[in-house]
Amino acid sequence: MSGNKNRDALAGELLAVTRALKEHRLNAGTAGNVSVRCDGGFLITPSGRLPERCSAADMVWMTMDGVAKGAGGVVPSSEWRVHRDIYASVPEAGAVVHAHSPFATALACQRADIPPFHYMIALFGGGSVRCAAYATFGTEALSKNALAALVGRSACLLANHGMVAYGRSLAHALAQAIELETLCGQYWRACQPGPPVLLSEEEMAEALERFQHYGDGMRGFKP
């Protein structure tokens, strides 16, 4: 019974974060998806449904074998493999956000990594934010490409698609996605006069070290 109560509570939080992504202009319409680790599997947003027209009961629980259960036959997001594979590969990941946010998506269409133009890049665990190689949405290939780009990182771009970020919790994953979109917007603007001046390896190494003790929200979190 306690597990069911926990799942119900997490479903409500998942719905709230899904709606928050739209409020923060990280997603529009039915784009993007969110999940949270739960009961040996994960809860994920449904496919093709507007957040404002969803209820907590529409959140789909899936096993790690990729089997959707409950939710009255509601179909899970087509990107469930990306979420499942992150949970399987990263024990620290408690929630995953996938968004088609404007600046991240625009940069993803350039199929280039985001270099260390700003020290906040270190927030995601390394000296750059990688862009995963292109693959069709909803495929195993996309999931594999995303995992490759996420090695040592907690976020990446998806070529010609958008972004994905994970965190310890739904609130943390949302914060990661917001910060990544903010940095993407800053990088886009910084590139307008020409290539920005990048931080050196030594400067980024110092920033990465400092981020190990940066605020309560990051303490102890290593992608």
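From a predicted model like this one, the values you see are computed outputs, not experimental measurements. We number each residue from 1, following the sequence as shown.
Rounded to the nearest 0.5 angstrom, Leu15 CG and Thr45 OG1 are separated by 9.5 Å. Of the inter-residue distances, the one linking Arg53 atom CZ with Arg49 atom CZ reads 11.0 Å to the nearest 0.5 angstrom. Rounding to the nearest 0.5 Å gives a distance of 14.0 Å between CD of Gln176 and CD of Glu181. One distance of note links CG of Leu157 with CZ of Arg111; it measures 12.5 Å at 0.5 Å rounding. The CG atom of Leu174 sits 7.5 Å away from the CG atom of Leu26 when rounded to the nearest 0.5 Å. In this structure, Arg37 CZ and Tyr166 OH are separated by 10.5 Å, a value rounded to the nearest 0.5 Å.
Leu198 and Trp188 fall within the same hydrophobic cluster, defined by Ile, Leu, Val, Met, Phe, Trp and Tyr side-chain heavy atoms under 4.5 Å apart, directly or through other members. One hydrophobic cluster holds both Leu147 and Met64 under the rule that ILVMFWY side chains link at heavy-atom gaps under 4.5 Å. Clustering ILVMFWY residues whenever any of their side-chain heavy atoms sit less than 4.5 angstrom apart, transitively, puts Leu208 in a cluster other than the one holding Leu180.
Annotation: side chain of Arg25 is not in contact with side chain of Pro102 (no heavy-atom distance under 4.5 Å). Side-chain contact between Pro46 and Met59: present, with at least one pair of heavy atoms (C-beta onward) separated by less than 4.5 Å. By the 4.5 Å heavy-atom criterion applied to side chains, Val164 and Ile86 are counted as neighbours. The shortest distance between side-chain heavy atoms of Glu92 and Arg168 does not fall below 4.5 Å. The side-chain heavy atoms of Phe137 and Glu79, taken from C-beta on, include a pair separated by under 4.5 Å. The shortest distance between side-chain heavy atoms of Val17 and Glu13 does not fall below 4.5 Å.
The heavy-atom pair separating Gly66 from Arg84 by the smallest distance is N-NH1, 3.9 Å. Scanning all heavy atoms of the two residues, the minimum distance from His172 to Gly167 falls at ND1-CA, 3.5 Å. Nearest heavy-atom pair across His100 and Thr105 is C-OG1, 3.2 Å. In this structure, Thr136 and Thr139 approach most closely via the heavy-atom pair O-OG1, 2.6 Å. Shortest non-hydrogen contact noted between Leu14 and Leu170 is N-CD1, 3.6 Å. Contact record, Pro196 with Cys191: CD-SG, 3.9 Å, taken as the closest heavy-atom pair.
The residue from Ser77, Ser47, Ser78 that alone fulfils the side chain to side chain donor-acceptor pair (under 3.5 Å) condition with Asn33 is Ser77.
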Side-chain donor-acceptor pairs of residues 112-129 under 3.5 Å, sequence neighbours excluded:
{"unit_1": "Asp113", "atom_1": "OD1", "unit_2": "Cys131", "atom_2": "N", "d": "2.8"}
{"unit_1": "His118", "atom_1": "ND1", "unit_2": "Met120", "atom_2": "N", "d": "3.0"}

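Looking at Arg81, its side chain never comes within 3.5 Å of a backbone N or O of Lys144 through a donor-acceptor pair. Judged purely by atom type and a 3.5 angstrom limit, Trp61 uses its side chain to pair as donor or acceptor with the backbone of Cys38. Glu206 places no side-chain N or O within 3.5 Å of a backbone atom of Glu202 that could act as its donor or acceptor partner. A donor-acceptor distance shorter than 3.5 angstrom exists from the side chain of Arg189 to the backbone of Gly185, with no hydrogens or angles considered. Checking side-chain atoms of Asn145 against main-chain N and O of Ala132 turns up no donor-acceptor pair under 3.5 Å.
The 12-atom threshold is exceeded at CD of Glu203, counting heavy atoms of other residues, nucleotides or ligands nearer than 6.0 Å.
Applying the ring-ring contact (aromatic ring centres under 6.0 Å, His included) rule to pairs touching residues 23-52 yields Phe42-Tyr87, sequence neighbours excluded.
A side-chain N or O of His98 and one of His161 form a donor-acceptor pair less than 3.5 Å apart.
With sequence neighbours left out, Glu52 forms a side chain to side chain donor-acceptor pair (under 3.5 Å) with Lys22.
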